[in-house]
Student: 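Attaching a single structure in structure tokens format; questions to follow.
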Number of protein chains: 4
Amino acid sequence: MARQRARELGIELGSMETGKLNAITDVEGVGVGHSTLIEGESIRTGVTAIAPHKGNLIDEKVVAAVDLFNAYGKSTGLPQIIYEGVLETPIILTETLNTWRVADAVVDYHIERMGIEPSSLNVVVGETNGRYLTDSLSRHVGREHVFEALDIARSPSGKGRVPEGNVGGGTPMTGYGFKGGIGTSSRVGDGFTVGALVQLNCGNKEDLTIAGVPVGREVTLPKKPATSSGNSIMMIIATDLAIDSRQMWKVAKRAALGLARTGTYGGNVSGDFTIAFTTGRAPHLGDDDKFLNPIYKATVEATEEAVVNALFVAETMTGHLGHIRYALPIDQVGEIFSRYGRELH
Amino acid sequence: MARQRARELGIELGSMETGKLNAITDVEGVGVGHSTLIEGESIRTGVTAIAPHKGNLIDEKVVAAVDLFNAYGKSTGLPQIIYEGVLETPIILTETLNTWRVADAVVDYHIERMGIEPSSLNVVVGETNGRYLTDSLSRHVGREHVFEALDIARSPSGKGRVPEGNVGGGTPMTGYGFKGGIGTSSRVGDGFTVGALVQLNCGNKEDLTIAGVPVGREVTLPKKPATSSGNSIMMIIATDLAIDSRQMWKVAKRAALGLARTGTYGGNVSGDFTIAFTTGRAPHLGDDDKFLNPIYKATVEATEEAVVNALFVAETMTGHLGHIRYALPIDQVGEIFSRYGRELH
Amino acid sequence: MARQRARELGIELGSMETGKLNAITDVEGVGVGHSTLIEGESIRTGVTAIAPHKGNLIDEKVVAAVDLFNAYGKSTGLPQIIYEGVLETPIILTETLNTWRVADAVVDYHIERMGIEPSSLNVVVGETNGRYLTDSLSRHVGREHVFEALDIARSPSGKGRVPEGNVGGGTPMTGYGFKGGIGTSSRVGDGFTVGALVQLNCGNKEDLTIAGVPVGREVTLPKKPATSSGNSIMMIIATDLAIDSRQMWKVAKRAALGLARTGTYGGNVSGDFTIAFTTGRAPHLGDDDKFLNPIYKATVEATEEAVVNALFVAETMTGHLGHIRYALPIDQVGEIFSRYGRELH
Amino acid sequence: MARQRARELGIELGSMETGKLNAITDVEGVGVGHSTLIEGESIRTGVTAIAPHKGNLIDEKVVAAVDLFNAYGKSTGLPQIIYEGVLETPIILTETLNTWRVADAVVDYHIERMGIEPSSLNVVVGETNGRYLTDSLSRHVGREHVFEALDIARSPSGKGRVPEGNVGGGTPMTGYGFKGGIGTSSRVGDGFTVGALVQLNCGNKEDLTIAGVPVGREVTLPKKPATSSGNSIMMIIATDLAIDSRQMWKVAKRAALGLARTGTYGGNVSGDFTIAFTTGRAPHLGDDDKFLNPIYKATVEATEEAVVNALFVAETMTGHLGHIRYALPIDQVGEIFSRYGRELH
């Protein structure tokens, strides 16, 4: 069975409608770019960039917020978002030990590509740990990959369908003991679109739940996943709803609820971070926040589906030290779903 | 079909073992007391007390922490727990507008019943809003109910089986559009027991998920639940694992993941609070926190099951203004479970 | 020498201009009411109410924020302010063990005086501990005092000069070993007014610093202050600048810097809380926050001066168990100031 | 007048005793290393390393905490400290845009110098912005400077007197419009030593207050400081008191009070961060936290004095674009102190 996204297989998560692409790029203006580096037997890494708009974020900041569900992680730039409530650079996702050279390259990009000489720059890089499949210590990701991912994210080609699975920052990642990586999804509500993009690298096999079905417990793999089964997840939430940073933060907190539906208990060395932004401007304040309920629900659903899409799309990968991470076997999933009263296409 | 707890019906949530009573009282020393006030057509309220031990908590404080997943709520005493890392009174649960007179009665209890003249006292009262079934404005709960609940919680009779459903603070509460209230559960791991007790008053009917089965969407009720369908949940976590307050806080955060498994997206006016404490003493610090993984998992499972137990045990109630809140119809649940590949006893 | 405010004596704190009354009531619409209860030898207590406007805050909420510098304290309502970013009741200040019956009386006030039947109400009561001079355990403050303070705060008479020192919630309080209580001050900047009102009950005598002069170390008292020298401070900040809750929070954090200028190191059982609100509406978002600098500076200065005013105005008080708390001896302060190169009027 | 530390000139800040060196290195085991890079007309930068002990922190972590008073800044590694409560690398201070390449070099250092192959590493780098005197955009700091600073900090030579002023990360920094940079101080209490080290780059001239004397207002400079007068301060607190992370956090919060005594109101683009750690092990928990009062006081005093020392020791510097930052003129300070009733040596 070829790799397909969950919804193409007939799996519906939640009840709200998706956007046209069922991707974070359904939020007008948002672009995503991947630079994927797969070389020899030990290099399986990359960079993913998410740009809120194609312009210069320093001059046109977007309202943003973060939720630190479990801040075991090296992400940069998060404290300033909490205090200033804005994002002033695109968000970059990569592998743990590359974090800082990637961040440094973002400065280069501003100077060299954008012609900006920033006096200060709150570079936002998120990471998860890919060492099971890639030679992390060598930190292979550099300027060229950051430039490539940012160039795509800021161009028209970054605004369409989003490649998922073993791409960009998600290249070597593991989800629930299966091959993980990048996944995305979106929801459309009354007056807003919300999109989620995750770099999935967390969870234990036995906990994986899809649409309420205990898939992880029932699937058999050629080999039990190594205990170094990965950890951490970066969750990026984008919307066009005009809200302020405090409201965006409450939306961001719901991403963890979507993640929870896929079964994880939030392992201690799992950095479970959410970074959320809105391209909406001029929030109307003064009312109470009840109007946020639909976007909370949409965020939970889109996050859940982004996690599941990462698992459905990512393909089996062999990497560093001959380690293998198996893709979620979709045929088995179909059988298990049948036993639990649900039919896939 | 008589009201039974989820596990008695054959529903297993998670994979860890429960304690002997499958209740928060499985944690040695912890006691629970309810005072339930049901009178006439409009009074459906009460008080639930959770005592970490039978002694004087001012002199023998327990390590504690709180998680404010969504702090729309009036709970008292939480900021001081965050800073001091201890609990110095039992925890009391009641209905929103009773919060403060209940808190005041806790001071009375210390003076009159315990012979203590506190110079300061961090009274901890949690609340959810029961106005759909009870005449909230009249604030019927008073000293005698607080005294009764505390007396029981601190006595041997509070250390056994915990009444669930329409009792104590949970009396008028609603869960996912059904009759909610008090629920409890526990898990036993290697070297620790963890228990959860919830006062369930949140969620929309269509979102209710039990063991992954979309029960809320499929159950039919005599009447669609009123939109004033309740909100908020108080989650109390108790353990005997010797950990410090920062670690306890990370455990507390996992309760929201257990709640998420039952389907809610965390409504804006839902106060989703967790208060956690440990009776363990002398934590061994200096190691990393990976040893917490089993208690995280246990906390997720116990919280999920406590929520489900509240729904299974609570009975249909008619109250204020003739409002009716229907119990979760267990026979229908059985049929729905069958359709989703799971059989109840 | 009669009791006078610091500025009347020629003490200038900071460099910005004060408002007309040099009081929190310089912020248009803000009212303050005290109910002071001094009876017999042991009752020295009361209630202070601060109303952002005279209307119904449930329908016309004001943007608000809190800073928990050291949350050893029993204040109610703070978590919800953090999440919802608004104040929906006036702020009440009282003595520790009265906190909850005062909060309950605020509900009564809404029902009985304002004709509102709240389905939920986030009552905000702050407290400091006055037990050295008053019989705290008996909790003498009740409905009538809350009603009186709120009636004044919401009437024209609450919008003028603010009584300071031994009034309202500040009646039995101690500041830096001297008689403390209520103090207020304000600053006017370009396009905004900011006011501070404190209920001062913290600090050790030897640390008191006024305008940089080590007054506490040099003043002699008839008797060394008892070690039970009080603790905690409630700081209320009001402005009319149209900002959002996140920005208001950053303003609130500056109050602790103003407090620090008066010498305290923030004792462990000192609850140092700031509650801040703005009557401004429709904040213009999207710019960066540099425009906040003047209001930060103004907040530091107004808070510092409010603390000092409490000490200058409060008079020596004898109370419970014959305890005496001496007023700051202004004549000595004049001499000390002279020695440090500063002359009072 | 030669540059001298404040205390050598007779300025006493606070009342507690200093350690032998009046430096952060008075805390047993703590080492500090600077690498200073001054070249040509435009390069004025460097790196400062603070090592809690000379060993491998990954295996022997120290309990740590952070306070984000105003998190406008790019510091790395702080979220994980909040959650895990430990420091697993030395702390590095540098200039803003160098942050990430410095962080990357810390990984190199672990691999190449320490022979460690970390699977993950929470690199902690703090920064302030030195662009007024150095060509920030070129990011001149690299591996060799990080290696040099770390080598010193971990060697016996890093455990003695700490060079202050225009050294290491502090090289191009500005304090209150004067030349700023690195400063340190310590206090000894009953059973503990606490040390502070700051990289001072914040404040406006007119606000500078030393020992309560309004020095900034009264000092005249050859030229009014450029408005781009710098911003941000990194405050590092070290102790040997055996406390847990929550307690360490409460200590860390007091650093801002020490800073406040020197006059700043906390400008919006001032990143005011405190990172605190203890070399003490096996905290005795269960008691209340009142025993922390002396270390709170000590922290306030040591931080205040560290700030003042930076100003007293730093010398006038000319740098990038011919910009000049003048040293605090000590002779004028002497005269001003005299007018305010205080004599310097």
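Atoms considered below: every heavy atom in the structure, side chains included; atoms not considered: hydrogens, waters and symmetry mates. Throughout, a chain's letter reflects where its sequence line sits, starting with A, and its residues are numbered from 1.
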Student: Would you mind checking which part of B:L292 comes under 4.5 Å of any heavy atom in chain A, side chain (CB onward), backbone (N, CA, C, O), both or neither?
Tutor: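 For B:L292, side-chain heavy atoms alone lie under 4.5 Å from chain A.
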
Student: Report which part of A:D67 has an atom under 4.5 Å of a heavy atom belonging to chain B: side chain, backbone, both, or neither.
Tutor: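 When you check distances to chain B, no heavy atom of A:D67 falls under 4.5 Å.
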
Student: Heavy-atom distance under 4.5 Å to chain B: side chain of A:T262, backbone, both or neither?
Tutor: neither

Student: In this structure, which one of B:I295, B:T299, B:V300 forms a side chain to side chain contact (heavy atoms under 4.5 Å, CB included) with A:Y265?
Tutor: B:V300

Student: If I measure from the heavy atoms of chain A, does B:R261 come under 4.5 Å with its side chain, its backbone, both, or neither?
Tutor: side chain

Student: Does either side chain, that of A:K250 or that of B:N268, offer a donor lying less than 3.5 Å from an acceptor on the other one?
Tutor: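 Present: a donor and an acceptor within the cut-off.
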
Student: In Å and rounded to the nearest 0.5 Å, what is the CG to CZ distance from B:N70 to A:R254?
Tutor: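 Going from the CG atom of B:N70 to the CZ atom of A:R254 covers 4.5 Å.
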
Student: Which answer fits B:S270, side chain, backbone, both or neither, if we ask what part of it has an atom under 4.5 Å from a heavy atom of chain A?
Tutor: neither

Student: Find the one option among A:G14, A:S338, A:G266 whose heavy-atom pairs under 4.5 Å with chain B are most numerous.
Tutor: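 Of A:G14, A:S338, A:G266, A:G266 has the most heavy-atom pairs under 4.5 Å with chain B.
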
Student: Out of B:T209, B:I210, B:L257, which one racks up the most heavy-atom pairs below 4.5 Å with chain A?
Tutor: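 Of the candidates given, the most pairs with chain A belong to B:L257.
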
Student: Distance from B:N204 atom CG to A:N293 atom CG, nearest 0.5 Å?
Tutor: 7.5 Å

Student: Contact part of B:A298 toward chain A, heavy-atom cut-off under 4.5 Å: side chain, backbone, both or neither?
Tutor: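 Contact with chain A is absent: no heavy atom of B:A298 under 4.5 Å.
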
Student: For B:F69 versus A:K253, what's the shortest heavy-atom pair and its separation?
Tutor: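 Residues B:F69 and A:K253, closest heavy atoms: O-CE, 2.7 Å.
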
Student: Taking the side chain as C-beta and beyond, is there a heavy-atom pair between A:K297 and B:D207 under 4.5 Å?
Tutor: yes

